[in-house]
Asks: 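I have a structure I would like to understand better, so I am pasting it below and will then ask my questions one at a time.
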Protein chains: 2
Amino acid sequence: MFKKFKIPDATIGRLTAYSRFLKEAEEKGISTVSSQNIAEATGVTPAQVRKDLAYFGEFGTRGVGYNPKELYNYIMKILGLDKKWNVAIFGAGNLGTALSQYRGFLERGFEIVCMFDTDPEKVGKKLNAIDIFHLDELKEKAKELNIELAIVAVPAQAAQEVVNMIVEAGIRGIINFAPVNIFVPDNIVLRRVDLASQLEYLTYYLGENR
Amino acid sequence: MFKKFKIPDATIGRLTAYSRFLKEAEEKGISTVSSQNIAEATGVTPAQVRKDLAYFGEFGTRGVGYNPKELYNYIMKILGLDKKWNVAIFGAGNLGTALSQYRGFLERGFEIVCMFDTDPEKVGKKLNAIDIFHLDELKEKAKELNIELAIVAVPAQAAQEVVNMIVEAGIRGIINFAPVNIFVPDNIVLRRVDLASQLEYLTYYLGENR
DNA sequence: TAGATTGTTAATCGATTAACAATC
DNA sequence: TAGATTGTTAATCGATTAACAATC
């Protein structure tokens with residue numbers, strides 16, 4: 001449906017930001033926005049906005065601008081968010097628990113359908129109405145609940161093994177929160193989020209010893 | 001102490017990954033590692049590793065490689081992690097709570113010294129030995145506890161205002177977890193982490209409608 | 001010395017920005 | 001028509017990679 005050359009990774013991230021602004025604009029009843037408006041709200045240049053959109057089609061009207069609702073819908077479609085996605089969280093520790101309750105996911109169409117752990121204290125219980133299953137049940141539950149995405153919040157030592165099982169179970173998209181580099185087959189989409197590393201960007205710039 | 005031209009943002013992120021590998025290598029008693037070893041473990045090219053390090057100095061021995069412990073210490077110094085940092089978390093909701101208990105921060109020298117909220121139900125209580133103060137007490141507590149970094153985990157609508165107060169209180173490094181673009185003065189270091197956006201990278205690549 | 005691996009330069013690649021024709 | 005803003009091309013900028021001299 002959309003062209004797909006090599007599109008910068010950063011473009012995808014910016015589309016998310018644009019879509020949030022467009023939704024706000026629509027809710028405020030604004031009927032037209034310019035690339036300049038979008039750029040100011042999201043901290044990029046107008047040229048960047050137009051270039052990002054140009055990868056996927058022509059969504060505006062020359063001399064006029066963009067219709068917020070229309071462009072929002074287009075971007076959601078580009079991002080694959082015109083459907084709901086079923087997500088499982090691996091690891092029912094602090095981070096997994098927090099992510100399971102994070103409202104931001106639901107707002108964008110992500111539903112946490114269950115969690116997995118190996119701790120007998122946790123397995124079989126519910127966390128705010130979300131079932132915690134044993135990791136051994138993964139294959140079965142993945143089919144039953146149609147799990148499409150995995151969020152990995154297990155300790156670093158366990159991460160590669162858990163990811164292997166996730167891939168085995170036919171889940172193709174994975175976010176890794178464990179501070180370790182994970183390897184997956186080519187057809188799997190994997191992203192790593194390193195929380196401590198985020199703080200280290202700050203300390204690098206603030207650190208005085210250089 | 002170190003050269004500081006324009007260093008790619010991504011270099012800083014990779015240094016974090018290198019340092020983790022080097023620590024492991026040292027713990028295993030490995031006496032020498034090559035750029036090739038580091039590259040394989042962290043998923044980059046050997047040239048990238050050497051280039052990243054070259055921004056800051058010469059840390060290896062030609063024909064031999066790098067000493068893990070030595071290079072680890074250098075990188076930690078580059079990242080500003082040769083000291084402990086005091087961190088405050090803003091927002092004692094699900095995400096803030098999880099982050100307050102995240103072990104990965106402590107391991108890298110970040111100490112969560114307190115949290116802030118405005119909910120009377122939460123203010124004055126402790127969360128696993130971490131005090132929750134009212135946002136009004138920020139200025140006072142920032143001095144008293146020497147808060148150096150802020151993690152913002154408040155609702156999107158409140159984020160800009162909270163960040164303004166953080167800046168006012170003299171805190172110069174901020175991580176924003178709220179899904180909204182925040183503006184700060186030039187001398188403040190700000191990073192945004194958008195959790196939902198991370199999942200959207202996956203759905204973009206997995207989405208079939210393009 | 002021969003083999004290995006760094007540090008660094010030059011070439012390549014890719015992403016951002018500026019500029020402008022198209023067009024509402 | 002005049003003014004505005006898109007879509008797109010070309011120029012610029014920056015980051016990654018390849019190649020190799022330096023040197024252990």
Side-chain angles (χ1 to χ4, degrees), chain A residues 2-18 21-22 25 30-72 74-75 78 181 201 204-205, chain B residues 2-18 21-22 25 30-72 74-75 78 181 201 204-205:
Chain A
F2 296 106
K3 307 172 211 164
K4 196 180 176 189
F5 309 159
K6 37 178 174 56
I7 287 152
D9 224 48
T11 290
I12 308 304
R14 286 189 296 261
L15 288 178
T16 298
Y18 302 162
F21 168 72
L22 291 165
I30 295 168
S31 64
T32 312
V33 298
S34 65
S35 57
Q36 171 84 30
N37 297 150
I38 300 173
E40 267 168 19
T42 58
V44 301
T45 65
Q48 183 72 270
V49 173
R50 297 201 300 279
K51 183 72 175 172
D52 284 337
L53 296 173
Y55 287 119
F56 302 100
E58 306 189 4
F59 307 114
T61 309
R62 286 165 196 235
V64 178
Y66 305 90
N67 176 284
K69 186 177 183 179
E70 239 177 57
L71 185 54
Y72 173 80
Y74 271 121
I75 293 181
I78 292 166
N181 202 35
Y201 278 93
Y204 166 71
Y205 286 110
Chain B
F2 296 106
K3 307 173 212 164
K4 196 180 176 188
F5 309 159
K6 39 178 170 57
I7 287 152
D9 224 47
T11 290
I12 308 304
R14 286 190 297 261
L15 288 178
T16 298
Y18 302 161
F21 167 72
L22 291 165
I30 296 169
S31 64
T32 312
V33 299
S34 65
S35 56
Q36 172 83 29
N37 298 149
I38 300 173
E40 268 168 20
T42 58
V44 302
T45 65
Q48 183 73 269
V49 172
R50 296 201 300 278
K51 184 72 175 171
D52 284 337
L53 296 174
Y55 287 118
F56 302 100
E58 306 189 3
F59 307 114
T61 309
R62 287 166 195 231
V64 179
Y66 304 90
N67 177 283
K69 185 176 182 179
E70 237 177 58
L71 185 54
Y72 172 80
Y74 271 121
I75 293 180
I78 292 167
N181 201 35
Y201 278 93
Y204 166 71
Y205 286 110

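Naming convention: chains lettered A, B, ... in sequence-line order (proteins, then strands); numbering from 1 in each chain.
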Asks: Under a 3.5 Å cutoff, is there a donor and acceptor pairing between the side chains of A:Asn181 and B:Thr42?
Replies: no
Asks: Between C:dT8, D:dT8, C:dT16, spot the one nearest the side chain of B:Arg50, thanks.
Replies: C:dT8
Asks: Judged by atom type as modelled, is there a donor-acceptor pair below 3.5 Å linking the side chain of A:Thr45 to the main-chain atoms of A:Gln48?
Replies: yes
Asks: Which class fits the ring pair B:Phe56 and A:Tyr204: parallel under 30°, tilted 30 to 60°, perpendicular over 60°?
Replies: perpendicular
Asks: Less than 4.0 angstrom between a side-chain N/O of B:Tyr66 and OP1 or OP2 of D:dC24, yes or no?
Replies: no
Asks: Could you please name the option among C:dA19, D:dT17, C:dT6 that lies closest to any side-chain atom of B:Ser34?
Replies: C:dT6
Asks: Measure from CZ on B:Phe59 to P on C:dG7 and round the result to the nearest Å.
Replies: 8 Å
Asks: Checking side-chain contact (heavy atoms from CB on, under 4.5 Å) against A:Tyr66, which of A:Thr32, A:Thr61, A:Leu53 comes through?
Replies: A:Leu53
Asks: In Watson-Crick or G-U wobble terms, both distances under 3.5 Å, what is the partner of D:dC24?
Replies: C:dG3
Asks: Once you round it to whole Å, what is the distance between P of D:dT9 and CD of A:Glu58?
Replies: 11 Å
Asks: Compare side-chain N and O positions of B:Gln48 against OP1 and OP2 of D:dT17 and report whether any pair is under 4.0 Å apart.
Replies: yes
Asks: For DNA chain C, whose closest nucleotide is more 5', that of A:Thr11 or that of B:Leu53?
Replies: B:Leu53
Asks: Considering just the side-chain nitrogens and oxygens of A:Ser35, establish if one lies under 4.0 Å of OP1 or OP2 belonging to D:dT5.
Replies: no
Asks: Nearest whole Å is fine: how far is D:dA15 C1' from A:Lys6 NZ?
Replies: 15 Å
Asks: Of all heavy-atom pairs between A:Ala10 and B:Tyr201, which one has the smallest distance, and what is that distance?
Replies: CA-OH, 4.5 Å
Asks: Start at the 5' end of DNA chain C and walk down; is the nucleotide closest to A:Asp52 or to A:Gly63 reached first?
Replies: A:Asp52
Asks: Any idea which of C:dT17, C:dG7, D:dG7 is nearest the A:Thr45 side chain?
Replies: C:dT17
Asks: Please confirm whether the shortest side-chain N or O distance from A:Gln36 to OP1 or OP2 of D:dT5 is below 4.0 Å.
Replies: no
Asks: To the nearest Å, give me how far apart CG (B:Asn67) and P (C:dT6) are.
Replies: 13 Å
Asks: May I ask you to evaluate whether A:Arg14 reaches the phosphate of C:dT16, defined as a side-chain N or O under 4.0 Å from OP1 or OP2?
Replies: yes
Asks: By nearest nucleotide on DNA chain D, pick out whichever of A:Lys51 and A:Gly65 is the more 5' one.
Replies: A:Gly65
Asks: Sort out the partner of C:dA11 for me: Watson-Crick or G-U wobble, both distances under 3.5 Å, none otherwise.
Replies: D:dT16
Asks: Taking the side chain of B:Arg62 as heavy atoms from C-beta outward, which of C:dA22, D:dT16, D:dC24 is closest to it?
Replies: D:dC24
Asks: A:Leu71 has an atom CG; how far is it from atom P of D:dT6, in whole Å?
Replies: 10 Å
Asks: Whole-Å distance between C:dG7 C1' and B:Ile38 CD1?
Replies: 14 Å
Asks: For C:dG14, does OP1 or OP2 lie under 4.0 Å from any side-chain N or O of A:Tyr55?
Replies: no
Asks: Are any non-hydrogen side-chain atoms of B:Asp52 and B:Tyr18 less than 4.5 angstrom apart?
Replies: yes
